[in-house]
Amino acid sequence: MRPSPSPAFDHGAALRVPPAHDGRSWTKLLYWLGADGQALDETGLVQVSTPNGLMVARPGDWIVLSVGGQFHVAHAGPRTLDA
């Protein structure tokens with residue numbers, strides 16, 4: 001039996017969006033994102049430019065920088081929707 005081929009993953013680096021009150025980590029995150037990221041307000045939201053358009057990340061979400069140089073947002077846990 002032949003093993004199935006593995007999918008090609010574009011591994012890179014990742015940073016977690018810190019809580020809004022963690023100024024030192026926010027400075028690090030925004031420096032890392034450069035022109036591809038922008039803090040939206042004091043609640044800890046950050047807007048990130050991704051291949052799929054602008055995405056909003058919240059504290060606890062992961063922002064992944066692929067080897068190809070593109071950012072991606074991985075949301076942590078389920079999202080609640082406002083009615």
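Because the structure is a prediction, the values reported are computed rather than measured. Reckoned from all heavy atoms, side chains included, excluding hydrogens, waters and symmetry mates. Numbers here are sequence positions counted from 1.
Residues F71 and W32 place their aromatic rings such that the two centres sit under 6.0 Å apart.
What you find for G44 and A20 is that their closest heavy atoms are N-CB, 3.7 Å. Closest approach of R16 and G60 over heavy atoms only: NE-O, 2.8 Å. Annotation for W26 and P19: closest pair NE1-O, 3.0 Å, computed over non-hydrogen atoms.
To the nearest 0.5 Å, the span separating CG on L15 from CG on L65 amounts to 9.0 Å. Considering CG of D61 and CE of M55, their distance stands at 9.0 Å, rounded to 0.5 Å. Note that CD of Q38 and CG of L54 are 9.0 Å apart. Values are rounded to the nearest 0.5 Å.
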Does the pair V46 and L33 meet the rule for a side chain to side chain contact (heavy atoms under 4.5 Å, CB included), with working shown? CA-CA 10 Å; V46 62; L33 289 170; 3.9 Å; yes
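Hydrophobic clustering (side-chain heavy atoms under 4.5 Å, transitive across Ile, Leu, Val, Met, Phe, Trp, Tyr) groups L30 together with I63.
Taking D36 as the reference, nothing meets the side-chain hydrogen bond (donor to acceptor under 3.5 Å, both in side chains) condition, with sequence neighbours excluded.
Note on residues 47-57: no pairs pass side chain to side chain donor-acceptor pair (under 3.5 Å), not counting sequence neighbours.
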